[in-house]
Protein chains: 2
Amino acid sequence: MQLDRTFAALSDPTRRAILARLASGEATVTQLRALSRISQPAISRHLKVLEEAGLIEARVAGQSRPRVLKAEALTPAREWLEDVRAAFEQNYARLDALLAELQDAPPTQSGDDT
Amino acid sequence: MQLDRTFAALSDPTRRAILARLASGEATVTQLRALSRISQPAISRHLKVLEEAGLIEARVAGQSRPRVLKAEALTPAREWLEDVRAAFEQNYARLDALLAELQDAPPTQSGDDT
DNA sequence: TACTTATATAACTGATTCGCTATATAATGT
DNA sequence: ACATTATATAGCGAATCAGTTATATAAGTA
């Protein structure tokens, strides 16, 4: 699934730092290298992962290839999280309603399950 | 970082199915097993990952240990995504403003960088 | 053409992940 | 005590991951 790649891409701090940096404008590999003390090939690897997840893309500009954030690609992840939250809260609302109902009709001995 | 574990936990479809299921109420290991064709130990392993990420917790109920979703633990992930989105859109707003400005003052020959 | 800069790819290593089967533990029912 | 049910843990193999160094490719400059 695509969400697999998205969330997996987000699970690494270096990659999150790259995305956060790209949110405020494109950047080259050399510029992105400043975000972490890792080697240039390691940065290129992370960029490949992000690209495969559809989160960024490369632009050709002379000898460099600045990366651009594709922010829309984060939407499915945001929506998934939001859906779970909404479902959870709706469930809570139901529980609250149930508790309120029990308040109105306090527990009796037995046989009150009609 | 905690976000590492959260996003890594979310990167597996079985684990996302478990969370989605738990959003509408607690469930036992046996019940969760129905979500996927994998073995019971595999389910327990996924539950451990989710628990280590702080996304669920176990309750003791007789011989079973129903899991409960801790939905608040998803908040940091939601906020991270939202922050990136906001930063990206703010950046876009700046670019739009810049373009509008260029519209007002169309390009001149040279020396207009004062 | 030769040199430099920017980036990608290959090959290797160690750590982690995911599934499985087999087995252990813990509570429940007879 | 014993069998059953629910769950956890151990141990294994295959696959993937994150980092490294060395090297390839591609564009820009002297």
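The sequence lines fix the lettering, A, B, ..., with proteins before strands; numbering per chain opens at 1.
- Ion pairing of B:Lys48 with B:Glu51 is absent here, as no side-chain N (NZ or NE/NH1/NH2) approaches a carboxylate O to less than 4.0 Å.
- Side-chain atoms of A:Ile38 lie closest to D:dT20 of the nucleotides D:dT9, C:dT7, D:dT20.
- In this structure, A:Glu57 places its CD atom 16 Å from P of C:dT7, rounding to the nearest Å.
- Of the listed nucleotides (D:dT7, D:dG19, C:dC20), C:dC20 has the atom at the smallest distance from the side chain of B:Ser39.
- Minimum atom distance to the side chain of B:Arg15 is reached by C:dC18, of the listed C:dT7, C:dA8, C:dC18.
- Closest approach to the B:Gln40 side chain among C:dC18, D:dT7, C:dA6 is made by D:dT7 (side chain taken as heavy atoms from C-beta onward).
- Distance A:Asp4 CG to C:dC18 P: 10 Å, rounded to the nearest Å.
- A sub-4.0 Å separation between OP1 or OP2 of C:dG19 and a side-chain N or O of B:His46 is present.
- Contact between the side-chain N/O atoms of A:Ser64 and the OP1/OP2 oxygens of C:dA6 is not found at any separation under 4.0 Å.
- Atom CD1 in B:Ile43 sits roughly 16 Å away from atom C1' in D:dT9 (whole-Å rounding).
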Derivation of the side-chain contact (heavy atoms from CB on, under 4.5 Å) call for A:Thr28 and A:Arg33: CA-CA 9 Å; A:Thr28 66; A:Arg33 226 192 132 172; over 6 Å; no
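- Look at B:Arg45 and you won't find any side-chain N or O under 4.0 angstrom from OP1 or OP2 of C:dT16.
- A parallel orientation is assigned to the rings of A:Phe7 and B:Phe7, their planes being inclined by less than 30° (bins at 30° and 60°).
- Across the protein-nucleic acid pair, B:Phe7 atom CZ and C:dT17 atom C1' stand 20 Å apart, rounded to whole Å.
- Heavy atoms of other residues, nucleotides or ligands lying less than 6.0 angstrom from CZ of A:Arg5 number 12 at most.
- In this structure, A:Leu50 places its CG atom 14 Å from C1' of D:dA18, rounding to the nearest Å.
- For B:Ser44, whose side chain is taken as the heavy atoms from C-beta onward, the closest listed nucleotide among D:dT9, C:dC18, D:dG19 is D:dT9.
- Environment of CD in A:Gln90: sparse, with no more than 12 heavy atoms of neighbouring residues, nucleotides or ligands closer than 6.0 Å.
- When each of A:Ala61 and A:Ser11 is assigned the nucleotide of DNA chain D with its nearest heavy atom, A:Ser11 is the one assigned upstream, toward the 5' end.
- Side-chain N/O atoms of B:Arg67 include one lying less than 4.0 angstrom from OP1 or OP2 on D:dA8.
- Under 4.0 angstrom from either OP1 or OP2 of C:dA8 there lies at least one side-chain N or O belonging to A:Arg65.
- Residue contacts shown for B:Arg33 are absent, as no nucleic acid heavy atom lies under 4.0 Å away.
- Rounded to whole Å, atom P of C:dT16 lies 14 Å from atom CG of A:Asp12.
- Ranking C:dG19, C:dT7, D:dA8 by closeness to the B:Val29 side chain, first place goes to D:dA8.
- The distance between atom CG of A:Leu47 and atom C1' of C:dA6, rounded to the nearest whole Å, is 13 Å.
- In this structure, CZ of A:Arg16 is placed 12 Å from P of D:dA18, rounded to the nearest angstrom.
- In terms of phosphate contacts, B:Lys48 brings a side-chain nitrogen or oxygen within less than 4.0 Å of OP1 or OP2 of D:dT9.
- Across A:Arg65, A:Arg59, A:Arg67, A:Lys70, a single residue satisfies salt bridge (Lys or Arg N to Asp or Glu O under 4.0 Å) together with A:Glu26, and that is A:Arg59.
- Comparing A:Pro41 and A:Ala8 by the nucleotide of DNA chain D that holds the closest heavy atom to each, the one mapping nearer the 5' end is A:Ala8.
- For the pair B:Thr30 and D:dT7, the criterion of a side-chain N or O lying under 4.0 Å from OP1 or OP2 is met.
- The side chain of B:Gln63 lies closest to C:dA27, out of C:dT7, C:dA27, C:dT9.
- Checking A:Gln31 against B:Val60, the closest nucleotide of DNA chain C that is more toward the 5' end is the one next to A:Gln31.
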